Structures are given as C-alpha cells and as structure tokens.
Number of protein chains: 2
Amino acid sequence: MINVAIVEDDKDIRESLALLINSTDGFMCTTTYGECMSAIKGINEDIPDIVLMDIGLPGMSGVEGIRRIKEKHPDLDIIVLTVHENDDIVFEALCAGACGYLVKETPTSRLLDAMREVKHGGAPMSTQIARMVVGSFQKKTESLLTAREIDVLNQLCKGKSYRMIADSLSISEETVRRHLKSIYRKLEVHSKSEAVAKALKENLI
Amino acid sequence: MINVAIVEDDKDIRESLALLINSTDGFMCTTTYGECMSAIKGINEDIPDIVLMDIGLPGMSGVEGIRRIKEKHPDLDIIVLTVHENDDIVFEALCAGACGYLVKETPTSRLLDAMREVKHGGAPMSTQIARMVVGSFQKKTESLLTAREIDVLNQLCKGKSYRMIADSLSISEETVRRHLKSIYRKLEVHSKSEAVAKALKENLI
DNA sequence: CACAAAATGACCCGTTCGGGTCATTTACCC
DNA sequence: GGGTAAATGACCCGAACGGGTCATTTTGTG
C-alpha cells in the first residue's frame with residue numbers, strides 16, 4: 001500500500017486527486033495540504049511514501065517546500081505536479097530534491113504509473129520536461145569561442161594558472177593572457193573565477 | 001513513417017531489431033551498421049529520423065560516434081540502447097547528444113514507445129537512468145563546508161572579488177580571506193577558479 | 001557552565017592577475 | 001590573390017590574490 005500526501009492549493013484538484021488515489025488499488029491518501037507550512041509540519045508527524053506537490057502555492061513556494069521537506073526526510077519521494085513548464089522552475093524543483101515532474105494535463109493513468117515508477121526507483125517526467133532535462137547536458141554548439149580559446153578555458157576550469165596553462169599547451173604565458181582577454185570580452189566577464197562559473201553553467205566546455 | 005537506422009555490432013540483435021521495426025506500422029529500418037565509422041559515413045548519405053545506437057562497439061566508441069553524428073546532423077535523434085548502466089557512460093552519452101537512453105532488457109513495446117516519444121519531443125530513459133539523471137541535479141547534503149563558507153563560495157561563483165564579497169555579506173575583506181583559506185583547505189584547491197570549478201562540478205552550492 | 005566549533009578581524013609579502021597597447025604569422029574564404 | 005579571423009608573442013603597472021601568523025567574539029551542545 002503506497003501512502004500519498006497531496007500539497008495543492010486548489011480545493012477541487014486536491015480532492016479529485018485524493019479521490020483518484022483512494023479509489024485505486026495499492027494506493028491511499030489520508031492527508032492533503034493547501035499550502036507548504038502545514039505540509040512541512042504535517043509530514044513530520046505522518047510520513048507518507050510519496051508527496052504530490054504543486055509549485056504555484058500561496059505563501060511559501062513549492063520549490064522551497066520541497067527543499068524543507070527533503071531536509072528532514074531525504075528519502076521521501078516528491079513528485080511535482082504543476083502547470084509550470086518554465087525552465088528555471090523545473091531545474092530549481094529538481095535541484096531542491098523532486099524526483100519526478102509532471103505537468104497538470106497528465107492523464108490519471110500516467111499519474112498512477114508515475115507513482116509506481118517512483119517506488120521502483122524511477123524518475124517520471126512529462127515528455128517535454130524529460131527533453132529539457134536531457135538537453136541541459138548537451139554542450140552548446142556553435143560556440144562563440146574559438147577552438148584554442150576553449151582549450152584555454154578547459155585548463156582554467158582545472159584551476160590552472162597562466163604559467164601552467166602555457167606549459168600545458170606549449171605556448172607562452174603572454175599568449176595565454178591574450179586568449180584570456182579575448183575570452184573575457186566574449187563572455188563579458190572580468191576574472192578567472194567568473195569565466196569558469198559561466199563556462200560550467202552554460203556548458204561551454 | 002519513421003525511418004530508423006541501427007548501429008549495433010551483435011548481428012543477432014541488429015537483425016532482430018530491424019525485423020521488429022520493419023514489422024511495426026509506421027516504422028521502417030532500411031539501414032543497419034555494425035560499427036561507427038560506416039554509420040557516420042552512411043548516415044551522411046541516407047539520413048534517418050532516429051538512430052538506435054549501441055555503446056560498446058568495436059573500434060570507435062558509441063559515445064564518440066554520437067558526437068560525430070550530431071556534429072553533422074544536430075537535429076537527428078539518437079537513442080542509446082545498451083547494457084552499460086555505468087554513471088559516466090550515461091552522462092557522456094547524453095552530453096555527446098543522445099536524447100534517450102534505454103537499457104537492453106527494455107521490452108520491445110517500450111522500445112517502440114520510446115521512438116514515438118522521441119518524435120514527439122520527449123527523451124525516453126529507463127527508470128534507473130532517469131533517476132540517475134535527476135539525481136545529478138541534487139545538491140550534496142552534509143557539506144563539509146560551514147554555512148558561512150557556502151555563502152562565500154556562492155558569491156565566488158558569481159565572479160565576485162574579495163572586496164565585493166565582503167560588502168555583499170557585510171563582513172570585512174579579511175574575514176572573507178579567512179573563509180577562503182578554510183574553503184581552500186577543505187576542498188584541497190589553491191585558487192578562486194579551482195574552487196569555483198570544484199564547487200560547480202560537485203554540486204556543493 | 002564549560003568547551004568546541006564557527007565566525008569575525010588584522011597585518012605582511014611575494015605572486016598572479018586584468019587591462020592597456022604594441023606587432024607577426026598562419027589559415028581560410030570569397 | 002587579397003582580406004579577415006585566428007593564433008602567436010611581448011611589455012607595463014596597479015589591483016587582486018594566496019599563504020603565513022596573530023587574536024577575539026559568538027554560537028551551540030553536552
């Protein structure tokens with residue numbers, strides 16, 4: 001029997017979700033919450049197997065709610081169920097600890113499958129979400145940086161100094177400096193650390 | 001009609017996959033390859049809609065093959081179909097441009113679904129793979145760094161100087177310097193850029 | 001309350017970095 | 001074949017950094 005808790009501000013959605021879950025073999029939903037604070041408190045008392053979580057909630061955001069719940073219960077599985085398909089929110093939710101992300105038009109059969117999938121160690125996502133997630137691994141093609149600049153940037157990301165980069169690429173320190181100037185201009189940054197941060201965040205290397 | 005190419009060194013698997021695809025409505029497979037080089041060449045002539053790609057191939061690795069194929073055909077969808085569930089290979093394949101990753105015990109019906117899913121903008125993954133991918137977003141808990149050190153590290157990742165970090169956290173530059181010393185010792189690094197690189201790669205922040 | 005861990009602040013000094021301006025050679029595209 | 005982009009190398013200088021050693025205050029847990 002999989003015990004599901006629901007965090008969702010819309011009463012109609014909340015109740016129909018609970019009804020769906022309670023009328024499905026192997027699932028039950030004894031507790032629902034209208035906002036995060038009570039969910040965080042309630043889940044501390046009565047620990048479910050899975051939390052279905054909305055993102056656009058009154059008061060504390062769902063993302064922050066996920067973070068707080070996972071702090072106390074790292075092994076609890078949280079599935080986001082929301083209308084938000086905005087890139088930032090998806091990644092924020094996953095970083096906060098969600099292990100699944102479904103958009104709200106998901107058919108009920110898929111929702112039930114998703115919960116079963118989570119219990120088998122999966123991470124169910126709606127198709128567009130999965131593509132966004134996988135896409136986030138892909139390197140930017142047609143980089144604005146030249147091949148040599150990328151070489152230098154790669155070394156930089158290993159924490160190398162100008163001197164070490166020069167040795168490693170068999171060019172003079174002055175040339176390294178020159179490439180760095182060009183990189184800074186293109187990335188619009190002004191220090192090694194900022195360049196590294198930008199390069200890693202934007203998958204330039 | 002979805003045109004599928006197969007890259008797979010095992011003749012039996014290759015042929016049974018082709019047979020499956022050709023006997024399914026809406027799919028066809030006219031070309032199969034036993035290793036990467038001929039696939040790269042062949043795909044340049046005869047462009048399929050989807051490539052099913054093995055990873056453990058003789059000669060060029062599947063990962064490198066994916067990279068080469070995506071270089072020429074950035075919009076071509078490549079699904080990895082392999083026995084490898086090793087973390088590194090999964091992420092390497094996705095970084096190289098794969099948009100799906102299935103383990104070989106995947107039932108044929110799921111394989112066909114996966115190809116349809118890809119054509120609808122999805123990114124089909126086996127359950128364990130999806131969890132690995134989502135897990136890679138999650139921050140390390142129980143950091144070896146203190147809360148304040150993480151504050152400083154966060155600022156560092158925005159490319160701030162000591163002076164700017166000091167202002168932004170309302171502490172003296174000397175204290176920032178002190179925290180940085182402690183961070184360097186714990187992360188075993190010796191520069192801002194190296195610390196940023198390590199922090200971002202290890203999801204410390 | 002006592003003790004430990006964390007956070008705070010200060011000084012010195014040699015090295016590295018960032019930005020400025022200079023120039024030459026190689027490679028590729030029209 | 002001539003022009004453009006890329007890659008190479010050099011110098012200067014002030015600001016920023018990294019490592020060293022010093023000490024005080026705050027916080028939290030037993």
Side-chain angles (χ1 to χ4, degrees), chain A residues 44 68 71-72 139-202 204-205, chain B residues 68 71-72 74 139-202 204-205:
Chain A
N44 277 333
R68 300 276 196 93
E71 252 175 41
K72 295 277 182 185
K139 307 274 175 274
K140 296 271 181 299
T141 47
E142 59 160 294
S143 171
L144 71 168
L145 301 178
T146 68
R148 204 53 165 163
E149 282 162 5
I150 291 177
D151 289 341
V152 172
L153 195 49
N154 260 309
Q155 300 282 324
L156 210 64
C157 288
K158 292 182 183 136
K160 304 268 190 80
S161 68
Y162 288 9
R163 180 73 260 144
M164 289 189 282
I165 296 175
D167 290 345
S168 148
L169 297 182
S170 300
I171 54 180
S172 89
E173 195 174 328
E174 289 304 324
T175 303
V176 174
R177 190 181 300 278
R178 161 139 304 290
H179 285 308
L180 258 301
K181 283 174 193 174
S182 174
I183 291 170
Y184 287 179
R185 185 169 31 76
K186 289 179 182 175
L187 299 187
E188 300 175 294
V189 299
H190 302 280
S191 70
K192 284 168 57 169
S193 51
E194 203 178 353
V196 169
K198 188 144 192 170
L200 292 176
K201 283 179 186 162
E202 318 245 321
L204 296 176
I205 51 131
Chain B
R68 300 275 194 95
E71 252 174 42
K72 294 277 182 187
K139 308 272 174 278
K140 296 270 182 301
T141 47
E142 59 159 292
S143 168
L144 70 168
L145 302 178
T146 68
R148 204 55 166 162
E149 283 162 4
I150 290 177
D151 289 341
V152 172
L153 196 49
N154 260 308
Q155 301 283 323
L156 211 65
C157 289
K158 294 183 181 131
K160 304 269 191 80
S161 68
Y162 287 11
R163 178 73 260 145
M164 291 190 280
I165 296 175
D167 290 345
S168 146
L169 297 182
S170 300
I171 53 180
S172 88
E173 197 174 326
E174 288 305 322
T175 305
V176 174
R177 189 182 300 277
R178 163 140 301 293
H179 285 308
L180 258 302
K181 283 174 194 175
S182 174
I183 291 170
Y184 287 179
R185 185 169 32 76
K186 289 179 181 175
L187 299 187
E188 299 176 295
V189 299
H190 303 280
S191 70
K192 284 169 57 169
S193 52
E194 203 178 353
V196 169
K198 188 145 192 172
L200 291 177
K201 282 179 186 160
E202 317 245 320
L204 296 175
I205 52 133

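Residue numbers start from 1 in every chain, and the chains themselves are labelled A, B, ... in the order their sequence lines are given, proteins ahead of strands. For clarity, every value in this text was computed on a predicted model and none was experimentally measured.
The CZ atom of R178(A) lies 10.5 Å from the OG atom of S172(A); values are rounded to the nearest 0.5 Å. In this structure, CD on E149(B) lies 12.5 Å from CG on N154(B), to the nearest 0.5 angstrom. Between atom CG of residue L180(B) and atom NZ of residue K192(B) there is a gap of 8.0 Å, rounded to the nearest 0.5 Å. In this structure, H179(A) NE2 and I171(A) CD1 are separated by 4.5 Å, a value rounded to the nearest 0.5 Å. In this structure, OG1 in T146(A) is found 5.0 Å from NZ in K186(A), a value given to the nearest 0.5 Å. In this structure, CD1 on I165(A) lies 13.0 Å from OG on S170(A), to the nearest 0.5 angstrom.
Remark: C1' of dA6(D) and CD1 of I171(A) are 12 Å apart, rounded to the nearest angstrom. Distance NE2 (H179(B)) to P (dA7(C)): 6 Å, rounded to an integer number of Å. Separating the CG atom of D151(B) from the P atom of dA6(C) is a distance of 14 Å, rounded to the nearest angstrom. The separation between R185(B) atom CZ and dG19(D) atom C1' is 12 Å, rounded to whole Å. The CG-P distance, from L145(A) to dA5(D), rounds to 16 Å in whole Å. To the nearest angstrom, P of dA16(D) lies 9 Å from CE of M164(B).
Taking the side chain as every heavy atom from C-beta outward, T175(A) and L169(A) never approach each other to under 4.5 Å. With a 4.5 Å cut-off on side-chain heavy atoms, S182(A) and R185(A) count as touching. Considering only heavy atoms from C-beta on, L204(A) stays 4.5 Å or farther from I150(A) through its side chain. The closest side-chain heavy-atom distance from E202(A) to L187(A) is not below 4.5 Å.
Residue S182(B) places none of its side-chain N or O atoms closer than 4.0 Å to OP1 or OP2 of dA6(C). The side chain of T175(A) places an N or O atom within less than 4.0 Å of a non-bridging phosphate oxygen (OP1 or OP2) of dG9(D).
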Check: protein-nucleotides 25-29 of chain C nitrogen or oxygen pairs below 3.5 Å:
none

Where do N or O atoms of nucleotides 23-30 of chain D meet protein N or O atoms at under 3.5 Å, pair by pair?
none

What pairs of nitrogen or oxygen atoms, one from the protein and one from nucleotides 14-19 of chain C, lie under 3.5 Å apart?
unit_1: dC17(C); atom_1: OP1; unit_2: K192(A); atom_2: NZ; d: 2.5
unit_1: dC17(C); atom_1: OP2; unit_2: Y162(A); atom_2: N; d: 3.1
unit_1: dG18(C); atom_1: OP1; unit_2: Y184(A); atom_2: OH; d: 3.3
unit_1: dG18(C); atom_1: OP1; unit_2: K192(A); atom_2: N; d: 2.7
unit_1: dG18(C); atom_1: OP2; unit_2: Y162(A); atom_2: OH; d: 2.5
unit_1: dG18(C); atom_1: OP2; unit_2: Y184(A); atom_2: OH; d: 2.7
unit_1: dG18(C); atom_1: N7; unit_2: R177(A); atom_2: NH1; d: 2.9
unit_1: dG18(C); atom_1: O6; unit_2: R177(A); atom_2: NH1; d: 3.3
unit_1: dG19(C); atom_1: OP1; unit_2: H190(A); atom_2: ND1; d: 2.8

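The side chain to side chain contact (heavy atoms under 4.5 Å, CB included) test applied to K158(A) returns Q155(A), K160(A), not counting sequence neighbours. Judged as a side chain to side chain contact (heavy atoms under 4.5 Å, CB included), and not counting sequence neighbours, the contacts of E173(A) are Y162(A), R163(A), A166(A), R177(A).
Comparing the end axes of the helix from dC1(C)-dG30(D) to dC30(C)-dG1(D), each fitted to five base pairs by superposing C1' atoms of four pairs onto the next four, gives an inter-axis angle of 70° (nearest 10 degrees).
The nearest pair of heavy atoms linking G159(B) to S193(A) is CA-OG, 4.0 Å.
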